[in-house]
Amino acid sequence: MRKLKVGLLGGTFNPVHQGHLIIAEQALAQLQLDRVDFLPDFLPPHVDHKEAIAAHHRVAMLQLAIQKNEHFGLELAEIARQGKSYSYDTMKELQSQHPNVEYYFIIGGDMVAYLDKWYRIADLIQLVTFVGVNRPETTADSPYPVQWIKVPAFAVSSSLIRTNLSQGRAVRYLLPDLVLDYIKEHQLYGTR
């Protein structure tokens, strides 16, 4: 029986933006995945958590962003578990629950250089296929097995969006309209 091929795009998604959606769609197509699940973390071990808004807002924005793509889904294992979101713990849990799924863990090319710092990386590479997103400033060299995909450059980040919102600058087209509507409705990131 063929295993289901599922991509996992992890992150804080604070907020989700078009760059995330482009990466997910390109991974889906280039790796011929069955679907890509967005995996919001509850408390990332490598990011200052004080900058992230409450998980329920980030999940709500993800739901709005992906609702029209039948190949996109949400994986809420880290939100449900709470605490620090170590990928190894998540993958052990998911593999136990879904033994007929082959997971592809999608990360930015810049993150590939830091794989040796990931919690239990030697064990984690046994559980997933890492997928690196090629970026102009990153190198494909890694001591770990990484499958690379090419994604059109789109220089947007969640921090750029947060900064623009807090300063009243335009963010239209950097993120889905429904997500922007949600941000304004709930007055997130300094909007009024």
Side-chain angles (χ1 to χ4, degrees), residues 3-17 19-21 23-24 26-28 31 33-63 65-66 72-135 137-149 151 157-159 161-162:
K3 285 190 171 188
L4 203 63
K5 294 172 64 175
V6 175
L8 287 173
L9 181 58
T12 306
F13 302 108
N14 186 38
V16 59
H17 55 68
H20 296 125
L21 301 173
I23 288 170
Q26 288 299 311
L28 182 79
L31 301 174
L33 303 176
D34 293 294
R35 69 171 200 264
V36 173
D37 288 347
F38 290 74
L39 175 68
D41 49 39
F42 183 78
L43 186 61
H46 58 283
V47 175
D48 181 358
H49 67 88
K50 288 183 280 189
E51 289 187 18
I53 61 171
H56 73 275
H57 283 307
R58 293 183 284 122
V59 170
M61 289 187 287
L62 276 167
Q63 289 170 328
I66 68 173
F72 288 174
L74 270 182
E75 176 50 68
L76 299 177
E78 294 185 351
I79 299 293
R81 192 173 63 239
Q82 302 193 355
K84 283 194 176 181
S85 302
Y86 290 110
S87 299
Y88 172 77
D89 296 335
T90 303
M91 293 318 305
K92 283 295 282 184
E93 180 183 336
L94 292 179
Q95 295 243 320
S96 171
Q97 293 172 355
H98 311 287
N100 291 323
V101 172
E102 184 178 353
Y103 286 103
Y104 292 77
F105 205 99
I106 305 162
I107 61 175
D110 55 328
M111 294 292 290
V112 171
Y114 297 98
L115 280 177
D116 62 332
K117 309 252 188 278
W118 284 40
Y119 177 67
R120 296 189 68 169
I121 185 62
D123 297 320
L124 182 58
I125 61 173
Q126 305 301 316
L127 301 176
V128 299
T129 298
F130 273 105
V131 176
V133 177
N134 192 20
R135 293 182 176 162
E137 70 278 5
T138 59
T139 175
D141 293 335
S142 174
Y144 301 100
V146 176
Q147 199 167 341
W148 290 89
I149 60 171
V151 174
S157 66
S158 296
S159 61
I161 291 170
R162 291 193 307 270

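- In this structure His17 satisfies the ring-ring contact (aromatic ring centres under 6.0 Å, His included) test together with His20, sequence neighbours excluded.
- Minimum interatomic distance between Ser158 and Pro15 (heavy atoms only, all atoms of both residues): OG-O, 2.8 Å.
- Annotation: side-chain contact (heavy atoms from CB on, under 4.5 Å) contacts of Ser159 (sequence neighbours excluded): Ser157, Arg162.
- Nearest heavy-atom pair, Thr90 versus Ala77, reported as atom, atom and distance to 0.1 Å: CG2-CB, 4.3 Å.
- Note: Leu31 CG to Ile106 CD1 = 7.0 Å, rounded to the nearest 0.5 Å.
- The line from CG of Leu127 to OG of Ser96 is 11.0 Å long, rounded to the nearest 0.5 Å.
- Residue pairs meeting the salt bridge (charged side-chain N to carboxylate O under 4.0 Å, His left out) criterion with at least one member in residues 76-85, sequence neighbours excluded: Arg81-Glu93.
- Checked against ring-ring contact (aromatic ring centres under 6.0 Å, His included), Tyr144 has no partners two or more places apart in sequence or in another chain.
- In this structure, Val16 and Ala65 approach most closely via the heavy-atom pair CG1-CB, 3.8 Å.
- Side-chain atoms of Asp34 come within 3.5 Å of backbone N or O of Lys5 as a donor-acceptor pair.
- To the nearest 0.5 Å, atoms CG (Leu39) and CG (Leu94) are separated by 7.0 Å.
- The CD atom of Gln26 lies 12.0 Å from the CG atom of Leu21; values are rounded to the nearest 0.5 Å.
- Partners of Asp89 under the salt bridge (Lys or Arg N to Asp or Glu O under 4.0 Å) rule, at least two apart in sequence or in another chain, do not exist in this structure.
- For Gln63, the side chain to side chain donor-acceptor pair (under 3.5 Å) test picks out no residue, with sequence neighbours left out.
- Pairing each heavy atom of Phe130 with each of Ile107, the nearest pair is CD2-CD1, 3.9 Å.
- Atom CG of residue Asp37 and atom CG of residue Leu8 lie 6.0 Å apart, to the nearest 0.5 angstrom.
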Pairs under 3.5 angstrom only: tabulate donor-acceptor contacts from the side chains of residues 98-105 to other protein residues two or more places apart or in another chain.
unit_1	atom_1	unit_2	atom_2	d
Glu102	OE2	Tyr104	OH	3.0

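- Applying the side-chain contact (heavy atoms from CB on, under 4.5 Å) criterion to Gln82, with sequence neighbours excluded, gives Phe42.
- Applying the side-chain contact (heavy atoms from CB on, under 4.5 Å) rule to Ala80 yields no partners; only residues at least two apart in sequence or on another chain are considered.
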Using residues 108-121 as the side-chain source, report each donor-acceptor pair under 3.5 Å to any protein atom, sequence neighbours left out, with the distance given to one decimal.
unit_1	atom_1	unit_2	atom_2	d
Asp110	OD1	Arg135	NH1	3.0
Arg120	NE	Asp123	OD2	2.9
Arg120	NH2	Tyr88	OH	3.4
Arg120	NH2	Asp123	OD2	2.9

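- Every residue was checked against the side chain to side chain donor-acceptor pair (under 3.5 Å) condition with Glu75, not counting sequence neighbours, and none meets it.
- The heavy-atom pair separating Met61 from Ile53 by the smallest distance is CE-CD1, 3.7 Å.
- Closest non-hydrogen pair, Leu76 versus Pro40, comes out as CD2-CG, 3.8 Å.
- Each of Val36, Ile23, Ile149 was scored for a side chain to side chain contact (heavy atoms under 4.5 Å, CB included) with Leu28, with one residue passing: Val36.
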